[in-house]
Visitor: 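The structure follows.
Because only heavy atoms are used, hydrogens play no part in the values below, and waters and symmetry mates are left out as well, while side chains stay in.
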Amino acid sequence: MTARRILVTAALPYANGHIHLGHLVEYIQTDIWVRFQKLRGNKCVFVCADDTHGTAIMIRARQEGRSEEAVIADMRDAHVRDFAGFDIAFDNYGSTNSPENRALCHEIWAKIREAGLVKEEAVEQLFDPKEGTFLADRFVRGTCPRCKAENQPGDNCSKCGATYTPAELINPKSTLSGATPEVRSAQHLFIELEKLHSFLAEWTQSGEHLQDEVANYLKGHFLGDTLRNWDVSRPAPYFGFEIPDAPGNYWYVWFDAPIGYIASTHEWCKKHGEQLDDWWKNPDTEVHHFIGKDITYFHTLFWPGMLKTAGFNLPHKVHIHGFLTVGGEKMSKSLGTFVMGSTYLKHLDPAFIRYYYASKLGPRLDDLDLNLDEFIAKVNADLVGKVVNIASRAAKFVAEQTLCESYPSDGGLFEAAAAKADVIADLYERCDYNNAMREIMLLADAANKYVDEKQPWVLRKDPSKAAEVREICSVALNLFRQLALYLSPVLPKLAQQTAELLNVPIQRWDDVRSPLVGTRVSPFKHMLQRVSVEQVQAMTEESKVVDPATAADAPAAPQWNDGPEALAAEPLAAECTIDDFVKVDLRVARILSAEDVLEANKLLKLTLSLGGDSKRQVFAGIKAAYKPEQLVGRLVICVANLKPRQMKFGLSEGMICASGPGGKDVFLLAPDSGAVPGQRVH
RNA sequence: GGCAAGGUAGCUCAGUCGGUUAGAGCACCGGCUUCAUAAGCCGGGUGUCGCGGGUUCGAGUCCCGCCCUUGCUACCA
């Protein structure tokens, strides 16, 4: 078999945040694949870099009162440190803000220009006059033009789901300065992707480069229609590279970010006397990208389009993975499940999460759930209880001795495990790590069973059986070494410790087929510590970010002393069905005005708004409990489909909901913040 | 709304071309063992395969309809 030349990339982490456990799914997945390829004897290079450009970095630098370069330098140091802590071994870790990247952007841009794919168009965008910068949608907030919800993002309403442009927002504000933005027009450069439509349709649908789900997604979402032009420029000020033939304009961060893959490869080539063209312009080289599903279209449409136009290798494969959930939910800062890599490393061994992710990762883009109880159980049971246990229970009987000079008869166990080499290799190759781990654990079970049946600890008491004990341990340690080898892409440290124990390094996949004989066995040292619940809890505790708003309200030690009186005073009504309940249409309403009804003892006259022009007049018996001026503007819950009732003082068109016995003890219901008038209560 | 992927044991999931009595790991229960980091070995499964139809000698699997979950839905990063 000739060695393949393989270039591997993981997505470039953005220089605006630290590495967390979600990021690590990808870097661990990729690192395992790279270590596997290297073990197989392929020439494999793993490059990555920090993604450094864009508005977010520029804003952050301004807020921190320092240069963008200083911001990205610090973050790069932190990223490199975190990756090293998780045993992620890049061959080169670069930066998109590098001279190599700038030169490649120039080269690729020139080719795209040459191909006639660039078009100039005016774009209207909101501009922050105070900061002197154009505003991306997410830097604008205002009132939703449809439902009037306040403080909504610039592109869509989180309350009613309406989509709009930031310019349509009512009362828009810049989140940078608080200033009211103005609409300004600027010339932008676009890449006419549609001109590459037939190429992209063919490339994405060939079945060779993408997972089926991804190909279907692209077909359904993009390729069935005209591809829109891609806006690749941003007017100054912008932190990035200035476009040489369009002064005052900069490449949008997503233009230069993937080019960073090539730039990082170039840095590596310079350090190792290699030619960049061998890696990016030679069809014999396989380029593999590992990314998350959130950035699919950048890597499967724009990027192949750029590469094709500029004459670079197209990706051999884009491997796309899902998101990380913790305990079945999105990572949460308040629950402590948004765990930074550096926090994890303070409490736990990187081997644990590497193995756990491997045991859950498959070739598809399913989301991956980190269940912390399962994490503890799996790591302790599989790694400590099964795998390391084999070495632990065999090594001490032969410590400072040598393994047998010829491999003893073992009932075919070693052969059987060696025969799995191709199956397991294939599973690694296809990124089907969970099935690979399953296969490997079956081998561990067989090895433990062997030791159990042979009972070396019994034979050991009989000095005449010393040779037999040595044979049994030679077998057990060789079976263990096979496991360590199969696991070495996932657990590089274990492979190294195994090499130290048996005094022979683990270097090649095919070593799994030849047993060690005659080599010295070092004294056994623990290879992995068990995980405890306390360690995991300490990690999540440290990750909890307390929301200052809720923290202030939260009682230090809540003492609930709720008595039975309220329920006793008004027993439960007869059971009703959900059908009965939905007959009552409860709505959120805002009190627009409230006035005292002088002639009445208990009534206030309220005008409620259900949003828009929908208003109701309601008489509420709350005069003893609320003053009119306390009520104006607040949200309440009203019965909106109650039959109107003519009262002495006017028509009452509903009720507002309140609890309490009456008189001064009346307590209005109010929705949590975020509710808007007109919403139904379910 | 549209598209995609899912819904199988308490939990996490496998289940090939439609084919015997639907499986594995974890958890749990019982027994054995006591070399090993409270590790190991053996045994233990009463599942409306989301719901309802259909095709078929036979459906977890194929077809139709419905329910539910998650994700995505370019000029955000």
Visitor: Between G23(B) and U16(B), how far apart are the two P atoms, rounded to whole Å?
Guide: 14 Å
Visitor: Does Tyr297(A) have a side-chain nitrogen or oxygen under 4.0 Å from the phosphate oxygens OP1 or OP2 of C75(B)?
Guide: yes
Visitor: Please check the phosphate of C42(B) (OP1 and OP2 only) for any side-chain N or O of Lys449(A) closer than 4.0 Å.
Guide: yes
Visitor: Rounding to an integer number of Å, can you tell me how far Ile390(A) CD1 sits from G40(B) C1'?
Guide: 10 Å
Visitor: Using a 4.0 Å heavy-atom cut-off across all strands, classify Leu365(A) as base, sugar-phosphate, or nothing.
Guide: nothing
Visitor: The criterion is ring-ring contact (aromatic ring centres under 6.0 Å, His included); which residues satisfy it with Phe134(A), sequence neighbours excluded?
Guide: Phe127(A)
Visitor: Measure the distance from CZ on Arg438(A) to C1' on C13(B) and round it to the nearest whole Å.
Guide: 7 Å
Visitor: May I ask you to say what Met441(A) touches in the nucleic acid, namely base, sugar-phosphate or nothing, with a heavy-atom cut-off under 4.0 Å?
Guide: nothing
Visitor: Just to confirm, is there a sub-4.0 Å distance from OP1 or OP2 of C26(B) to any side-chain nitrogen or oxygen of Lys378(A)?
Guide: no
Visitor: Less than 4.0 angstrom between a side-chain N/O of Arg530(A) and OP1 or OP2 of A39(B), yes or no?
Guide: yes
Visitor: When we call it a touch if two heavy atoms are under 4.0 Å apart, what does Asn389(A) touch: a base, just sugar-phosphate, or nothing?
Guide: base
Visitor: Just call it for Leu227(A): base, sugar-phosphate, or nothing, with non-hydrogen atoms closer than 4.0 Å on any strand.
Guide: base
Visitor: Please work out if Ser359(A) contacts a base, only the sugar-phosphate, or nothing of the nucleic acid, heavy-atom cut-off 4.0 Å.
Guide: nothing
Visitor: Please state how far atom CG in Leu459(A) lies from atom P in C35(B), giving the value in whole angstrom units.
Guide: 13 Å
